[in-house]
Undergrad: 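Sending over a structure as structure tokens; questions will come in a sec.
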Number of protein chains: 2
Amino acid sequence: MTTIYDIADKTGLSASTVARALNGSGYCSDKAKKKVFAAAEELGYVPYQAAKTLKSSITNKIMFCIPDIMNPYYFDMIKGVTQTLEDYNYNILLAYTMHSPEKELEILNSLKGRYVDGLIFGSFDYNPTLIEAIKDTGLPTAITSFYENSEYHNYYDCIYANQSRAAWIATHHCIENGHTRIAFLGGDPKEQNTKERFEGYCRALEESGIPVDNTLIINANFTRELALQKFQQFIRNDGKCTAVVACNDLMGIGCMNACSMLGLKVPDDISIVSLDNTEYCLCTNPPMTSVDMMQGKVGTEAARLVMDRILNKRSYRTDIVFSPEIIKRESVKKITL
Amino acid sequence: MTTIYDIADKTGLSASTVARALNGSGYCSDKAKKKVFAAAEELGYVPYQAAKTLKSSITNKIMFCIPDIMNPYYFDMIKGVTQTLEDYNYNILLAYTMHSPEKELEILNSLKGRYVDGLIFGSFDYNPTLIEAIKDTGLPTAITSFYENSEYHNYYDCIYANQSRAAWIATHHCIENGHTRIAFLGGDPKEQNTKERFEGYCRALEESGIPVDNTLIINANFTRELALQKFQQFIRNDGKCTAVVACNDLMGIGCMNACSMLGLKVPDDISIVSLDNTEYCLCTNPPMTSVDMMQGKVGTEAARLVMDRILNKRSYRTDIVFSPEIIKRESVKKITL
DNA sequence: CTGTTAGCGCGTTCAC
DNA sequence: GTGAACGCGCTAACAG
């Protein structure tokens, strides 16, 4: 490992001159600069990050913390974040919380060790404790959902696609196609995520004068497995629907799996539209209609806003909200009464 | 931000006593310890990582570098790495190279800034330059393929599932089911990855006395899109096969997509078996038979071996090779002549 | 234009 | 058992 002192020795200059040459800060003759660069090249010098950080307190890293690494919803977001950060010469530190609130707080607390300069945080369930912990990190932060907390309003930015509108669009699409018995396949109804999506579903129904029927609400947990099981159970218990709105692709696919096992044909016997529009939608047969939640853009803008707070010391709140878009494929059939 | 000096002030002790108390190193009375911990708790003290690192030169981070973040092949591996590292209280720094050899070298060179303690490196195409760059980082390294380089033999560990055996298994499975005209859907034939898999394919054929037919070899690039296109083209050009071995799930799915567009039924008209066994195989209809490459275990063991080199200063090579396993689903049909 | 000095926060001597 | 002092590598302030 070579340091500026090695370069200083080799060139006969002092360490500070070497530092100035390398950073282009302060005065330094061209001749000295040349010598320094030559020696640095020859010695394969790369500055020691820890020392730089100790001095400047900038780490060139931001943490991206998500509930579940295996959820395809986040893949595009990871990509968006990584690619954007690359332009800033920043690295991404990936953490995941396995949906555990304790784990979330633990990670946030560890951040006080300031091993990153900023934070992009995704959660299924924001709450005041969490937001306070986020604020306590003192880090420029973007969260990937909408969450309002008047006390800490300015401590974070929100970047997200409108969840309730997404569910509205999905539901409305079913209604447009003549469906009235539309099942809702959601996650834990106590979590913000499902709540918002459920709200959009209800609104679409009500706007069209279709009453919300509680027997059509199925609660799962955003996994394919449980959705499969719950939907199968729903049908076996004589559940009657002609369409289903699934709160994410994994559950949409679980639903398709169930249909296939039950001998139900999609979209002839049952129409399915899901939310997230991950690549999984292209794997199914028929390809699945799904609502694009703009995950890639959410990642990109979240990274950009965090960097804006870091670089430009912005200290007021900025939110960016995307409008979800339905991607029509072949899992929805028009029916007529 | 609070430092040991703040705690020293508050407790009336010296900074070194505080440090000793906090780390449990050196002498310290129980009474002092109690006071220190109380103050640390109250002040929300978390040690400043950069300072710790500068002193100890340990970062508690390892880099996981892969060619493509969006390739589902790596999802399980990321999970395996992350979960294992968590036990060691290590964080994962995620980088991706977009298949670019220049980018690979750039990242490896940046690692000389020692902002991580170890490296897990995945590539589609190892070569002497790359391995030398890996060795030059001076970091404990695990690579997720087999690659031999006698000069730098001991500088890295290899953790992988036997690629050629995986292709052999897939091909053999087709043969067992009566197929003789088996297409091979691969990536760039110059890359190690495809080469190994192709070798297994050929061996299985030859063992059964089936000649390798070059018209059945289709080169794509591991993406769904190109596989779809290439396979469609293959069929349109009167390509005749009853089964296809796809080198990864994405291509297997592209192939299924193509079949569906061409009006070919899987598995009645054509059997498909792919490699990787990602979750995507459960999305298709019918579910796709695929060979499990043990990605999760590869990630877990790679992390473990890197940590072993770090913690126990192991300096000799250790390889772990897993045996791939076929997961039979419904995309392969037995045919009789 | 260049070198000397000091200090970022922490951990580890080594005196007391 | 405790505190003063030093240094990890780098940069900024100042003196020359």
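Every chain is numbered from 1, with letters handed out A, B, ... down the list of sequences.
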Undergrad: Checking ring-ring contact (aromatic ring centres under 6.0 Å, His included) between A:Y126 and each of A:F146, A:Y160, A:Y147, A:Y156, which is the one that passes?
TA: A:Y147
Undergrad: Identify every side-chain donor-acceptor pair in residues 62-81 of chain B under 3.5 Å, counting partners at least two apart or on other chains, and give the distances.
TA:
unit_1	atom_1	unit_2	atom_2	d
B:D68	OD1	B:M70	N	2.8
B:N71	OD1	B:Y73	N	2.9

Undergrad: Strictly below 4.0 Å: does B:Y45 bring a side-chain N or O up to OP1 or OP2 of C:dC10?
TA: yes
Undergrad: Round to the nearest Å and state the distance from A:I58 atom CD1 to D:dC10 atom P.
TA: 15 Å
Undergrad: With nearest nucleotide decided by heavy atoms, which residue, B:C28 or A:L54, maps closer to the 5′ end of DNA chain D?
TA: B:C28
Undergrad: Without decimals, in angstroms, what is the distance between A:D9 CG and D:dG9 P?
TA: 13 Å
Undergrad: Answer yes or no: does a side-chain N or O of B:S56 lie under 4.0 Å from OP1 or OP2 of C:dG11?
TA: no
Undergrad: Please check if any side-chain donor atom of A:T17 sits under 3.5 Å from a side-chain acceptor atom of A:S14, or the reverse.
TA: yes
Undergrad: Without decimals, in angstroms, what is the distance between B:D6 CG and C:dC8 P?
TA: 12 Å
Undergrad: Report yes or no: is there a donor-acceptor pair, N or O only, under 3.5 Å between the side chain of B:S25 and the base of C:dT12?
TA: no
Undergrad: Taking CG from A:L13 and P from C:dT4, how many angstroms apart are they, rounded to a whole number?
TA: 11 Å
Undergrad: Do A:Y5 and D:dC8 share a donor-acceptor pair, side chain to base, under 3.5 Å?
TA: no
Undergrad: For D:dG7 and B:K55 - does any side-chain N or O of the residue sit under 4.0 Å from the phosphate oxygens OP1/OP2?
TA: no
Undergrad: Answer yes or no: are there more than 12 heavy-atom neighbours, outside A:F124 itself, under 6.0 Å from its atom CZ?
TA: yes
Undergrad: D:dA4, OP1 or OP2 - any side-chain N/O from B:S16 closer than 4.0 Å?
TA: no
Undergrad: Any base atoms under 4.0 Å from A:A32, or only sugar-phosphate, or nothing? Heavy atoms, all strands.
TA: sugar-phosphate
Undergrad: Is the shortest side-chain N/O distance from B:S14 to OP1 or OP2 of D:dG3 below 4.0 Å?
TA: yes
